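Just below is one structure, and these are the notes that go with it.
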Amino acid sequence: MLRSFQNPNLYSISKTHFKLLHYFLSNHLCTTTEPTQVPESPDLPNWVKFLDTKHPEAASSDEDFVIPSLAKWVEAPMLKDPRKAVKIPVVEIADTDIDIISKVLKNQHPSPENVAQVLSGIVLDLSNGLVERVLRRFSNEWVPAFGFFTWAKTQTNYRHAPEVYNFMVDILGKAEKFDIMWDLVVEMDQIGERYVSLDTMSKVMRRLARAGRYKEAIDAFRGIERFGVSKDVLSLNALMGALVKERSVELAHEVFLEFKESIPLNVSTFNVLIHGWCKYRNLDVARKTMEEMEKHKFKPDVFSYTSLIEAYCNDKDFRKVAEVLGEMKDKGCEPNAVTYTIIMHALGKAREITKALEIYEKMKMSGCIPDTSFYSSLIFLLGKAGRLKDVQEIVEDMEKQGIKLDVLAYNTLINIASTHSQEEVALKWLKKMEEDSCKPDLKTYAPLLKLFCRKKRMRVLCFLLDHMFKNDIGIEGGTYALLVRGLCMNGKLATACSFFEEMVLKGFAPKDSTYSMLIKELEGKSMQKEKKHIERLMLQARGQEITGNDSAMSNVEESNAQGPCVCVM
DNA sequence: ATAGGGTTAG
């Protein structure tokens, strides 16, 4: 374990990183004269000693790395200076407050009370920002979240802001701990100062509806004034929106009928309903709702028509889409960027690329300004059609107009470059993303990992895993499967095996196809010992699957919440 | 604020 002796928490390294590093050093430092003699245990003094005996120039022999323009960025310092090799994949945990709290919360606590008790020895300077970050990390684990939340209330010079309460209400609602959730709402109400807001009650109603407790969601609305929130069109719309999103247009409609006389409605009341009927494929009723809307002296607007268009797009009924566009024109209602995105995207998916681009032209002619999401869709469909030059042009256009790319746009660009084996381009986007402070997600890396497995670029692979790690991206089952398969296909069996092992140890069940592929390769290379080991691991994984689906799940969430930094070996 | 967001290789 890579650890400082004074402070055992100072260094840690993920198993993946160690194995890759180990693998890399075995292959690149230990040249033909000395076969693999890299220390088996990632023990800091040994490593330093080991690296000291090697020549720095040995480390920079660069046969698998030919991306000059990106070399400086990708090439971790460890490739140049072996001493730094120890430091690169090692994360310095500068025990910040959030780390201290996270470490305590990470232990499996039986109850929130227990969490609060364990925390009671700690004195910290809390802020609402810090509390929110902790809650975000544990937003899928109500016990540590609520224990921490309760403990925080006892700290001097700290008070939960209403937003923090709302966040906690939402976490409890997500975990379906509705009794505790209601207690918290009552507590907020008792503080006074309008702690309970429409925001709070919207979360309550949404979570109840999501849990299928529609009646309770509606009752929450009926009694909403008890908490000082008015029973007006905004709260009515929030209730109806919650019901529609959680698959019950019918109930939203009933609520609408019940309150339409007593509460003055607005346009979005109708649009919520229209969207609901469109979403659940009841276009006749959607149309009827539009008529009723007009009886109430509201004109159907771009929201109403876009809902209709989306429904027709889902049916690939582009004739109807054109009809609605005509109707909009007659009524003097201009389509907006969302409308155009939906149509263009649907045409692209239906492989009608020319028609999709016509929509883009039409949009420009109409003076409608494309936004980031529109361009993302456009890039996606151009990439899918293999029109890489056009993609490049679009990105330049965006830059000229000062429209920032978002994660989806970057992910799309990386995906396109990766599938076309444009290593340099793909990495260039990742770099640009970083410079742009755009936070990558798991989907950012998947195509890159696949590409560099295919290219057997172990150093870049190592770099990427490190990059993910630093960005708090938890590796999940699918990622391991991808690595194992990718490495397997290219004869990097030892590394494939170690990822397989890590996958199983983290509680992800490998797919049969992944397993059999690896076994077949190992047989082909007569690697009997490794084959046995993999077979044992697979048995273990199957056992886990039968006895505890839960444990696999909680492992996923844990690794997501904590990041992949796990001390190993 | 009520409408838009791509897969999993072969």
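Every chain is numbered from 1, with letters handed out A, B, ... down the list of sequences. Quick note: numbers below take in every heavy atom, side chains included, and nothing from hydrogens, waters or symmetry partners. Not measured: the values here are computed from a predicted model.
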Taking atom types as they are modelled, is there a donor-acceptor pair under 3.5 Å from the base of B:dG6 to the side chain of A:N411? no

Would you indicate what A:D371 reaches in the nucleic acid, counting non-hydrogen atoms under 4.0 angstrom: base, sugar-phosphate, or nothing? base

Consider the side chain of A:T341, meaning its heavy atoms from C-beta on, and name the nucleotide among B:dT2, B:dA3, B:dG4 that approaches it most closely. B:dG4

Please classify the nucleic acid contact of A:D301 as base, sugar-phosphate, or nothing, using heavy-atom distances under 4.0 Å. nothing

Is A:K362 close enough and on-axis enough to A:Y360, meaning under 6.0 Å and within 45°, for cation-pi? no

Among the nucleotides B:dT2, B:dG6, B:dA3, which one has an atom lying closest to any side-chain atom of A:S268? B:dT2

For residues 511-519 of chain A, please give each side-chain donor-acceptor pair under 3.5 Å, one per line with the distance, not counting sequence neighbours.
| from | atom 1 | to | atom 2 | distance (Å) |
| --- | --- | --- | --- | --- |
| A:D512 | OD1 | A:R542 | NH2 | 2.7 |
| A:S516 | OG | A:D512 | O | 2.9 |
| A:S516 | OG | A:S513 | O | 3.3 |

Counting side-chain heavy atoms from C-beta on, which of B:dG10, B:dG6, B:dG4 comes nearest to A:F374? B:dG4

Select base, sugar-phosphate, or nothing to describe what A:K511 touches, counting heavy atoms under 4.0 Å on all strands. nothing

What does A:N336 touch in the nucleic acid at a heavy-atom separation under 4.0 angstrom: a base, only the sugar-phosphate, or nothing? base

Presence of donor-acceptor pair under 3.5 Å, side chain of A:T412 and base of B:dG6: yes

Expressed in angstrom and rounded to an integer, what is the separation of A:E310 atom CD from B:dG4 atom P? 5 Å

The nucleotide from B:dG6, B:dT2, B:dG4 with an atom nearest the side chain of A:I342 is B:dG4

Presence of donor-acceptor pair under 3.5 Å, side chain of A:N237 and base of B:dA1: no

Strictly under 6.0 Å, is that where the ring centroids of A:F256 and A:F270 end up? yes

For A:K288, which residues count as a salt bridge (charged side-chain N to carboxylate O under 4.0 Å, His left out) partner, sequence neighbours excluded? none

For B:dG6, is chi within 90° of 0 (syn) or not (anti)? syn

